[in-house]
Structure formats: structure tokens, C-alpha cells
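Positions are given from 1 along the sequence. When a ligand or atom number is given, it counts from 1 through the structure's own listing order.
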Amino acid sequence: MSTHAEIDTSQPAIVVENLQRCFGELRAADGVSFSIDHGRVVGFVGANGAGKTTTMRILATLDHPNGGMAKVGGHNVVHYPAKVRRLLGWMPDSFGTYDHMTVLEYLDFYARALGYRGAERVQRIQEVMDFTELTPLADRLSNKMSKGQTQRLCLGRALLHDPKILILDEPAAGLDPKARVELKRLIRILAEEGKTILISSHILSELGEMCDSLLFIDKGRIVHHGDADSMRRDTARAEETLVNVQIIGPPAKLIEWALTSPLVQVVEETRCGAKLSILSTDETIIASVLKRMITDGLVVTDFHREERRLEDAFIDLLGRIDDGTFKGTPPPLPGPA
Ligand code: ATP
């Protein structure tokens, strides 16, 4: 069984144009457009209810749009769903196992459904179990596994037909840090194999390091796409330096000082101090702020610049869209490296 021949590589791996999906009055996808080149790993980010799952379900041929167009591997998801399913691996955000099936039986069931027969089926299941490190659990009932093991089984199921394109909806949700690291490792290997991956998550820092680019969606519309650095840059205030300051003594002392200091704003209190925004990028002004802290009696033990967190950048972006001060149009996704 081969799926690769059917991908039209002259077109992007995934293309979405002006996609619409309404549930009554609610516009869950309200003109979503983006394009992903072959071999790219793209993070899909947005608040709860922003429209990620709606968009992904349409791409996975599980729902129909009310308007617009979506293609996977060059095939229109509405007109050629069978072709799309053959070349797409889909991992939903919630997934049920069958209570009385072992890991092996479960994968065997799906491998048969996909059309694998005989030795090829046995080999394919073994490859998937090895990759997801489920071989030692082959005889384990699938409802007697940890959340991390269950997610690996779900990923294994999505990989059975060796799809070139993967859509993973919140694969790391509910996993402990160790299981997250493990899942991230598997996704990295899949990316290195050249698969195109669209992955949604709420953990922006995690996506930032794993993905070539990030796609931000809000209220059913794409509000930004680009890499993590461009997100930080586009939303950064031009004249601002973030610094993390630690002092000996209660953080309240530093906060009080910052509230009465020109050019200094409090971003957040931390355990031993605060994250501050200095409204300048001029080195002498930044140095003078530190000097003033010390002469005003604060015992500073640490003062260092901070990179803007993606979370903060995203929240700023949403605020600026709401108050109409974000005028930028999203740049196109960067092409293959
Ligand atoms: P989350 O991060 O919480 O999973 P999401 O970005 O995936 O959120 P969607 O699941 O796409 O968001 O939902 C977008 C909006 O559409 C939400 O307001 C949701 O309640 C609504 N919605 C989704 N599916 C349906 C449905 N079948 N019927 C009615 N409303 C729906």
C-alpha cells in the first residue's frame, strides 16, 4: 500500500483560502487563509474557541466548510476526501480507545481498515510500535495505559499508513513534563523525516522551539503567521527594553520604586523581584535606571534583559487588534529553508 504517489508536490502541502464554518450565528472559521509548504512544521495557536479544531477537522475531511476552499497534498478536501485521508495522518484532541482491545489488536484493527494485508501489515504495525516505543506494551489493554502511552498509541494509529502530512490537535494536552518531552522527541523525528506537520497547542514556548513558523488564530481569523521571532518583533513596542530584576528584600519595595520612576513600568511581580519594562532602548538610559535603583537603596542581586515571551507577544497582539492599533497584515509564511 502506497500513499506517496498521490501527493501533488507542485502545490503547497496544505492550502486554506477564505475558509468559513458557521454554527448558527457563530463564525467558528471566518475567512481563514494560510498555506504550508512541504516539510514544514507549523504551530497553530489560539485561545480556547478560536477556531483551531474547526479548521483542523475540515482539513481532516471530518467536517464541511460553509465556504472557501481547503486542499491537502493538492487535493480539495470536500471533493476528494478519500485521497486526502490516504495521505493525511490525523490525531484528534480527544480520542477513545476500545476497552477490551490490546495495543496490538487496536493497531491491527486500524491497519486492516487501511487495507494492509499479511506480512506488510505485521511489519507496519511493528514499525509503528517500535517508533512509539509501545512494543513492550503490545499486550496491554488500551484502557489500562497512562495518558502519555495513550497519546503515543493515538500517534501510532495516525502514522500507520505512513502519511506525509500530519495534523495533530493538542497532542501534548494533559501530559506530564516527561511525557511531553518524549512526545516532542517523536515529533522532531517525524519532522526530520520530512513530514509536513500542523500542530496545535496552548503552550506557546513549546511550539516556538519545535516549529518553523506559527499560525495565530483569533475569533475564526488568522491574525499573524511567521516565525516566533517575527511575532515578538512585530508586536514589540519600538522603544522598550524588558529587564528582570531581583533584589534582597520584599519584591513590593521594587514595585513601589518602579511605580514612581519615570520610564519604568511593572510587567509582573516575580518571586524575588519583578519584570520591568524600561521605555527606552538607549543603553545609557538603561544603565541610569539600574544606577538609580541602587542609589535609592534597593539591594539589586540580578538585572538582566529578557526576551519577550511568546505568550506576552500574543496577548499584546490580541489587545492591539481589539483596540484597532494593530495595522499590520500578516506576512506570508516563510518558504522552505
Ligand atoms: P480549544 O482550544 O478550546 O480546543 P479551538 O480553537 O479548537 O478551541 P473550536 O473547537 O474550533 O476552537 O471552536 C470554535 C468555536 O466554534 C467555539 O466557540 C465552539 O464552541 C464552536 N463550535 C465548535 N464546534 C461546534 C459545533 N459542532 N456546534 C456548535 N458550535 C461549535
Side-chain angles (χ1 to χ4, degrees), residues 14-36 41-72 77-78 81 84 88-96 147-148 150-151 154-155 158 165-176 179-180 183-184 187 196-208 210-211 213-226 228 231 235 309-319 321-322 326 330 333:
I14 298 176
V15 188
V16 175
E17 275 174 21
N18 197 23
L19 200 72
Q20 319 269 344
R21 179 67 171 106
C22 303
F23 297 107
E25 295 289 294
L26 182 95
R27 292 167 180 268
D30 189 13
V32 173
S33 299
F34 61 88
S35 152
I36 301 176
V41 181
V42 176
F44 202 17
V45 186
N48 290 122
K52 302 179 294 293
T53 300
T54 301
T55 305
M56 288 175 137
R57 279 175 50 82
I58 292 171
L59 288 171
T61 75
L62 298 171
D63 194 11
H64 271 196
N66 299 105
M69 184 281 295
K71 282 184 179 180
V72 171
V77 296
V78 173
V84 170
L88 180 80
W90 159 246
M91 186 168 167
D93 58 350
S94 62
F95 130 96
K147 174 84 178 162
T150 308
Q151 286 301 81
C154 184
L155 179 64
I165 301 170
L166 287 167
I167 297 187
L168 314 176
D169 193 2
E170 295 275 353
L175 297 189
D176 66 31
R180 253 173 215 286
L183 188 76
K184 225 158 75 175
I187 292 170
T196 306
I197 305 175
L198 177 63
I199 176 171
S200 70
S201 172
H202 289 291
I203 303 181
L204 296 193
S205 48
E206 202 160 82
L207 279 184
M210 193 161 48
C211 299
S213 60
L214 299 172
L215 207 45
F216 286 82
I217 185 168
D218 183 51
K219 301 188 188 90
R221 284 171 171 268
I222 300 296
V223 292
H224 185 90
H225 51 200
M231 174 72 184
T235 58
R309 283 187 319 192
L310 271 177
E311 277 85 353
D312 297 332
F314 183 45
I315 289 166
D316 270 15
L317 174 67
L318 295 186
I321 289 168
D322 281 346
F326 183 75
L333 279 177

Next on the checklist: Can you give me the closest heavy-atom contact between Cys22 and Asn66, atom names plus distance?
Outcome noted: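 Here Cys22 and Asn66 meet closest at N-OD1, 2.5 Å.
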
Next on the checklist: Taking 4.0 Å as the limit for heavy-atom contacts, which would you say applies to Leu26 with ligand 1: side chain only, backbone only, both, or neither?
Outcome noted: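 It is the side chain that touches ligand 1; the backbone stays farther off.
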
Within ligand 1, which atoms have a heavy atom of [X] less than 4.0 Å away?
X     : result
Lys52 : 1 (P), 2 (O), 5 (P), 6 (O), 7 (O), 8 (O), 11 (O), 12 (O)
Ala47 : 6 (O)
Asn48 : 1 (P), 2 (O), 3 (O), 8 (O)
Ala28 : 14 (C), 15 (C), 16 (O)
Ala50 : 5 (P), 6 (O), 12 (O)

Checklist entry - Under 4.0 Å from atom 12 (O) of ligand 1, is there any protein heavy atom? => result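 Under 4.0 Å from atom 12 (O) of ligand 1, at least one protein heavy atom found.
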
Next on the checklist: Among all the protein's non-hydrogen atoms, which is closest to atom 23 (C) of ligand 1, and how far away is it?
Outcome noted: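 The closest one turns out to be Phe23 CE1, 3.5 Å.
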
Item to check | Top protein contact for atom 9 (P) of ligand 1, by heavy-atom distance | outcome: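 For atom 9 (P) of ligand 1, the nearest protein heavy atom comes out as Thr54 OG1, 3.6 Å.
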
Checklist entry - Under 3.5 Å, is there a donor-acceptor pair between the Ser33 and Asn18 side chains? => result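 On atom types as modelled, these side chains do not qualify, holding no pair under 3.5 Å.
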
Item to check | Donor-acceptor contact present, side-chain Arg180 to main-chain Ala172, <3.5 Å | outcome: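 Indeed, once roles are kept as given, a pair shorter than 3.5 Å links the two residues.
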
Next on the checklist: Nearest 0.5 angstrom please: His64 NE2 to Ile58 CD1, how far?
Outcome noted: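 Between atom NE2 of His64 and atom CD1 of Ile58 there are 9.5 Å.
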
